[in-house]
There are 2 protein chains.
Amino acid sequence: MPAPSSNSTANALRRVYRPRKPPSTMPVSPSNAADSAPEIDTSYLETLLGYNARRTALAVIAVFLRRMEPHGMRPVDFSVLSVVAHNPGVTSRQICSTLDILPPNLVGMVKSLQKRGLILRKPHPTDRRAQGLHLSAAGQRLYREAQATATSLELDVADRLSAEELQTLIGLLRKVYRRDAPVASEPQSG
Amino acid sequence: MPAPSSNSTANALRRVYRPRKPPSTMPVSPSNAADSAPEIDTSYLETLLGYNARRTALAVIAVFLRRMEPHGMRPVDFSVLSVVAHNPGVTSRQICSTLDILPPNLVGMVKSLQKRGLILRKPHPTDRRAQGLHLSAAGQRLYREAQATATSLELDVADRLSAEELQTLIGLLRKVYRRDAPVASEPQSG
DNA sequence: TATTGTTATACTCTATAACTATA
DNA sequence: TATAGTTATAGAGTATAACAATA
């Protein structure tokens, strides 16, 4: 059982990142059925928002898993910690509806983060059924590090985009999935 | 065993779409712990490309599942059919590396599409290990319908975006995940 | 020796039903 | 009656190892 550490060296991740194609030192290629076939045409799929959004998400997640390995955090753990960090006293139900996680699936995550000493539960001020979630001091330290890592890795993944392009991209994505959001046509400012 | 049909009425999908929050006829709300809490702050997460790309992908997929239900197709089935449709004679391995599917996981999908009479396997012209995949006549008909559905549902999901914004969005997404692609700064043209 | 397609299998992720304590 | 949190479990998705046939 890993004790909660104040640095980022502990807690090996359960799922280890491993590249699917081990880099062969030299392309010897004894024979490959795709030798003559020049390339696969995916031009139609690449016109689809869903296809491109999913491929992009998976590309970011792959880098996320590698870089967050020292912090022992999957994307969902990071999201939960982020919501707790920025909303002290938030309840499990609120996290579920915010992140679109089903309540039974959140239980284990919260339990695990609590066991690692990263979050605390306190009685809810007005509702005795609910519990308010808070980051511990160790949780705050780890989350601070993880957030810096996340911000940095995102810039690396998107290094083909200018800062302005990245802002445009994120703004357009939000416009698609946040159908509750205001329809303001302002340029992005955060 | 559903016979391959030329229309789009058959083949109920295994996983049925069901909205998570059944629409309550009236917001009676006997008591809710989040009553006083105004809203959850996710402003940091929303600055992250990975978070927004994933949320967008899930939003598109949710609509995809509903609208493709008559065609009995999950996103991955549609992607496979699309690659076969636009690349007759493509091999399983080529599909795997194109769509980032692991070979053991493709076997069942191909088998299922074949059992539905949508795709055919023919011996590979030069490699007796491999088999070329092709759409059957029924597969071509179904895929044509499905592609029209896909194109249409995407426009509905992105109805908050102008045509130009959608093109910009897709171009930026490709620029992120297709790290092999040319870095040309041309506007999109198809 | 390497690749294609495959089986078997393990692990992770996501979803449903049902329970208790409280509102 | 409805909600918060939970348990148990089913089902879908993703991963590895290992094999026969062929290159």
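With sequence neighbours excluded, no residue forms a side chain to side chain donor-acceptor pair (under 3.5 Å) with Gln140(A). Taking Thr149(B) as the reference, His71(B) meet the side chain to side chain donor-acceptor pair (under 3.5 Å) condition, with sequence neighbours excluded. Applying the salt bridge (Lys or Arg N to Asp or Glu O under 4.0 Å) criterion to Arg55(B), with sequence neighbours excluded, gives no partner residue. With sequence neighbours left out, the salt bridge (Lys or Arg N to Asp or Glu O under 4.0 Å) criterion links Glu154(A) to no other residue. For Arg179(A), the side chain to side chain donor-acceptor pair (under 3.5 Å) partners at least two apart in sequence or on another chain are Asp159(B). Every residue was checked against the salt bridge (Lys or Arg N to Asp or Glu O under 4.0 Å) condition with Arg128(B), not counting sequence neighbours, and none meets it. Partners of Arg178(A) under the salt bridge (Lys or Arg N to Asp or Glu O under 4.0 Å) rule, at least two apart in sequence or in another chain, are Asp180(A), Glu46(B).
Of all heavy-atom pairs between Leu172(A) and Leu161(B), the closest is O-CD1, 4.1 Å.
Here the nucleotide nearest the side chain of Arg54(A), chosen from dA23(C), dA15(C), dT14(D), is dT14(D).
dA18(D) atom P lies 16 Å from atom CG of Leu102(B), rounded to whole Å. Rounded to whole Å, the distance from CD on Gln114(B) to P on dG5(C) is 13 Å. Protein atom CD1 of Ile101(A) is 15 Å distant from nucleotide atom C1' of dG5(D), rounded to whole Å. The distance between atom CG of Asp127(A) and atom C1' of dT3(D), rounded to the nearest whole Å, is 8 Å.
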* If you write DNA chain D from 5' to 3' in dot-bracket form, with Watson-Crick or G-U pairs under 3.5 Å, [ ] for crossing pairs and | for pairs with another strand, what do you get? -> |||||||||||||||||||||||
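Comparing Met109(B) and Gly132(A), the nucleotide of DNA chain D nearest to each residue sits closer to the 5' end for Gly132(A).
A close approach under 4.0 Å does occur between a side-chain nitrogen or oxygen of Arg128(A) and OP1 or OP2 of dA23(C). Between Arg129(A) and dA2(D), a side-chain N or O to OP1/OP2 separation shorter than 4.0 Å is absent.
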What nitrogen or oxygen pairs link the protein and nucleotides 6-10 of chain C at under 3.5 Å?
residue	atom	partner	partner atom	Å
dT6(C)	OP1	Arg121(B)	NH1	2.6
dT6(C)	OP2	Arg121(B)	NH1	3.4
dT7(C)	OP1	Lys111(B)	NZ	3.4
dT7(C)	OP2	Lys111(B)	NZ	2.9

